[in-house]
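We count residues from 1, following the sequence as given.
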Amino acid sequence: MRFQFLLARRNPPVPSEIVVSATSVLERRGHRVEGVIAEEALLRSDLYVGGRDLHLLKSYTDLSLAMAGILHARAARVANPWHSCVAARNKILCSQVLADAGIPAPRTWVTGDLEKLRPLLRETPLVVKAFMGWRGQGVAMVRSEADLDALPPLDGAVVVQELLDGPGEDLRVYVAGERMFATRKPFSATSYAVPGRPATISSEIGSIALKVGKAFGLGLYGMDFIESPAGPRVVDVNYFPGYKGCPGAAEAVADWIEGYATGRIAPLGGPLVREFPEGAGQVAA
């Protein structure tokens, strides 16, 4: 079979470790694997059909998402599914999917006006995030009005979450189908590039992790948990993460790719759609 990774331009320009390792496994099994960085290619968006048995979206850029959307519209096979990736990538949509699936997460707001946050700060400290940010970009902890005043002017909307107490480290859980891995590491602006320490996964967190995959329709994904006094909360979801610090992840990822491409793994669904009673959510005059 022929597989194509839709890859991100990386800085420094070193390949993704999980892509290299999973590719090696797949090639040993007789498959043909290639990669393309959309920003470094010249693609016919009016004619693009892909032409591979499976396309794997391993990039978070707007161009890669758009090209994956074209593949999806033209019935090419894309994993993870394009609409599932959009729901995970956009933190506004992500908060909706988590809430409607009953997955525990911090309370979340969205605004284009930072002044609207002042009343919230009297109730809880906040985390302000770019709604299409990744790798920690645009994340700010706001514990006081002085912190709020120090934020740069907005250029668009932000997602705002309540800042929950935790142990001082993020628990990151990675999933390939139903196989799970986890690491712990302190959060920082560059922590995305640093492998964490392997960690155990409780039955509660494992159950939540699989529920996230079902709600979004993802097969290769990861999520960050904060272990708050009230229980674990999902603070972020990522499609096709790097699986850094997870021994055995390359084989698990390759197994899932091969199984999904050959039909041994059932097609993934889409983001959960929930029926609400008529009139729910309407604001009274």
Side-chain angles (χ1 to χ4, degrees), residues 1-41 43 48-61 64-65 67-68 71-72 75-82 84-85 88 135 172-183 192-201 206 209-210 212-213 216-223 238-268:
M1 303 193 79
R2 296 182 66 188
F3 304 133
Q4 183 187 68
F5 286 96
L6 302 177
L7 300 170
R9 180 186 285 156
R10 294 166 63 88
N11 185 23
V14 294
S16 164
E17 182 178 340
I18 190 63
V19 171
V20 171
S21 300
T23 293
S24 179
V25 175
L26 291 167
E27 288 179 339
R28 288 199 303 269
R29 297 176 182 177
H31 303 292
R32 294 179 60 185
V33 185
E34 58 196 66
V36 61
I37 298 173
E39 289 80 5
E40 296 178 359
L43 304 171
Y48 191 48
V49 294
R52 309 301 188 273
D53 294 295
L54 187 63
H55 301 265
L56 294 135
L57 184 55
K58 185 67 178 77
S59 171
Y60 295 89
T61 67
S64 293
L65 275 170
M67 299 312 293
L71 290 172
H72 170 77
R77 298 199 70 201
V78 182
N80 294 286
W82 168 75
S84 301
C85 294
R135 290 185 168 180
R172 181 161 292 183
V173 175
Y174 303 94
V175 183
E178 293 191 355
R179 294 169 67 180
M180 286 182 278
F181 309 85
T183 62
Y192 69 88
V194 180
R197 309 184 314 278
T200 58
I201 302 172
L210 293 178
V212 168
F216 282 87
L218 294 168
L220 300 173
Y221 61 101
M223 67 227 86
N238 299 287
Y239 61 85
F240 207 154
Y243 297 87
K244 292 183 177 68
C246 300
E251 289 77 12
V253 169
D255 287 346
W256 186 89
I257 291 171
E258 189 177 50
Y260 189 71
T262 58
R264 293 199 306 270
I265 295 174
L268 300 171

*Asks:* Taking the side chain as every heavy atom from C-beta outward, state whether M180 and V175 have any pair of such atoms under 4.5 Å apart.
*Replies:*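 When only atoms from C-beta onward are counted, V175 and M180 do touch, with a gap below 4.5 Å.
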
*Asks:* Measure the spacing between CD of Q4 and CG of D53 and express it to the nearest 0.5 Å.
*Replies:*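 Spacing of CD (Q4) from CG (D53) equals 11.5 Å.
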
*Asks:* Please give me the minimum heavy-atom distance between L218 and C85, naming the atom from each residue.
*Replies:*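 Looks like CD2-N, 4.4 Å.
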
*Asks:* With a 3.5 Å cut-off and no angle check, do the side chains of S21 and S24 form a donor-acceptor pair?
*Replies:*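 Absent: no donor and acceptor within the cut-off.
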
*Asks:* Return the OG to CG distance between S59 and L6, rounded to the nearest 0.5 Å.
*Replies:*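 If I round to the nearest 0.5 Å, the distance is 7.5 Å.
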
*Asks:* For V173 and A209, which heavy atoms make the closest approach, and how far apart are they?
*Replies:*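 In this case the closest contact between V173 and A209 is CG1-CB, 4.1 Å.
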
*Asks:* Would you find a donor on one side and an acceptor on the other, under 3.5 Å apart, between the side chain of N80 and the backbone of G219?
*Replies:*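 At least one qualifying donor-acceptor pair exists.
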
*Asks:* Determine whether W82 and L71 satisfy the following criterion, side-chain contact (heavy atoms from CB on, under 4.5 Å), listing intermediate values before the conclusion.
*Replies:* CA-CA 9 Å; W82 168 75; L71 290 172; over 6 Å; no

*Asks:* With sequence neighbours excluded, tell me which residues meet salt bridge (Lys or Arg N to Asp or Glu O under 4.0 Å) with E178.
*Replies:*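 With sequence neighbours excluded, E178 shows a salt bridge (Lys or Arg N to Asp or Glu O under 4.0 Å) to no residue whatsoever.
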
*Asks:* Rounded at 0.5 Å granularity, tell me how far CG in L54 sits from CE in M1.
*Replies:*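 With rounding to 0.5 Å, CG (L54) is 7.5 Å from CE (M1).
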
*Asks:* When you look at CZ of R32, are more than 12 heavy atoms from neighbouring residues, nucleotides or ligands closer to it than 6.0 Å?
*Replies:*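 Not buried by this count: 12 neighbours or fewer within 6.0 Å.
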
*Asks:* Do M67 and L43 have side chains that get closer than 4.5 Å, going by heavy atoms?
*Replies:*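 Sidechains of L43 and M67: in contact.
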
*Asks:* Which value, rounded to the nearest 0.5 Å, describes the distance between E27 atom CD and F3 atom CZ?
*Replies:*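 Going from CD on E27 over to CZ on F3, the span is 11.0 Å.
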
*Asks:* According to salt bridge (Lys or Arg N to Asp or Glu O under 4.0 Å), who are the partners of R179, at least two apart in sequence or on a separate chain?
*Replies:*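 Salt bridge (Lys or Arg N to Asp or Glu O under 4.0 Å) check on R179 returns D255.
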
*Asks:* Please report the closest heavy-atom contact between P241 and Y174, naming both atoms and the distance.
*Replies:*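 Between these two residues, the closest heavy atoms are CG-CD2, 3.5 Å.
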
*Asks:* What are the two closest heavy atoms between A68 and V78, and how far apart are they?
*Replies:*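 Here A68 and V78 meet closest at O-CG2, 4.2 Å.
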
*Asks:* State yes or no: are the ring centers of Y239 and Y60 separated by less than 6.0 Å?
*Replies:*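 Centroid distance Y239-Y60: below 6.0 Å, so yes.
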
*Asks:* For R77, enumerate each residue passing the salt bridge (Lys or Arg N to Asp or Glu O under 4.0 Å) test, keeping only those at least two apart in sequence or located in another chain.
*Replies:*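 Testing R77 for salt bridge (Lys or Arg N to Asp or Glu O under 4.0 Å), a comparison that skips the adjacent residues, returns none.
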
*Asks:* For G245 and P247, work out which heavy atoms get closest and say how close.
*Replies:*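 Nearest heavy atoms, G245 then P247: O-CD, 3.4 Å.
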
*Asks:* Decide yes or no for R172 and M223: does some side-chain heavy atom of the first lie under 4.5 Å from some side-chain heavy atom of the second?
*Replies:*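 When only atoms from C-beta onward are counted, M223 and R172 do not touch, as no gap falls below 4.5 Å.
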
*Asks:* Which atoms form the tightest heavy-atom contact between L26 and A254, and what is the distance?
*Replies:*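 Smallest interatomic distance, heavy atoms only, reads CD2-O, 3.7 Å.
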
*Asks:* Test the K58-F5 pair against the cation-pi criterion, namely NZ or CZ under 6.0 angstrom from the six-membered ring centroid and within 45° of the ring axis.
*Replies:*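 Output no; distance or angle outside limits.
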
*Asks:* Please determine whether side-chain contact (heavy atoms from CB on, under 4.5 Å) holds for the pair R2 and V33, giving the CA-CA distance in whole Å, both sets of side-chain angles, and the decisive distance to 0.1 Å.
*Replies:* CA-CA 6 Å; R2 296 182 66 188; V33 185; over 6 Å; no

*Asks:* Determine, stepwise, if the pair L7 / V19 fulfils side-chain contact (heavy atoms from CB on, under 4.5 Å).
*Replies:* CA-CA 9 Å; L7 300 170; V19 171; 4.0 Å; yes

*Asks:* With under 30° as parallel and over 60° as perpendicular, where do the rings of Y260 and W256 fit, or are they tilted in between?
*Replies:*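 Because their plane-to-plane angle is under 30°, the rings of Y260 and W256 count as parallel.
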
*Asks:* So how far is it from L220 CG to L56 CG, rounded to the nearest 0.5 Å?
*Replies:*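 Spacing of CG (L220) from CG (L56) equals 7.0 Å.
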
*Asks:* Once you round to the nearest 0.5 Å, how far does CZ of F240 lie from OG of S16?
*Replies:*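 F240 CZ to S16 OG: 7.0 Å, rounded to 0.5 Å.
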
*Asks:* Within a 6.0 Å radius of atom CD on E17, are there more than 12 heavy atoms belonging to other residues, nucleotides or ligands?
*Replies:*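 Counting other residues, nucleotides and ligands, CD of E17 stays at 12 neighbours or fewer.
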
*Asks:* Under a 3.5 Å distance rule, please check whether T183 uses its side chain to pair with a backbone N or O of P198 as donor and acceptor.
*Replies:*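 Checked: no pair found.
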
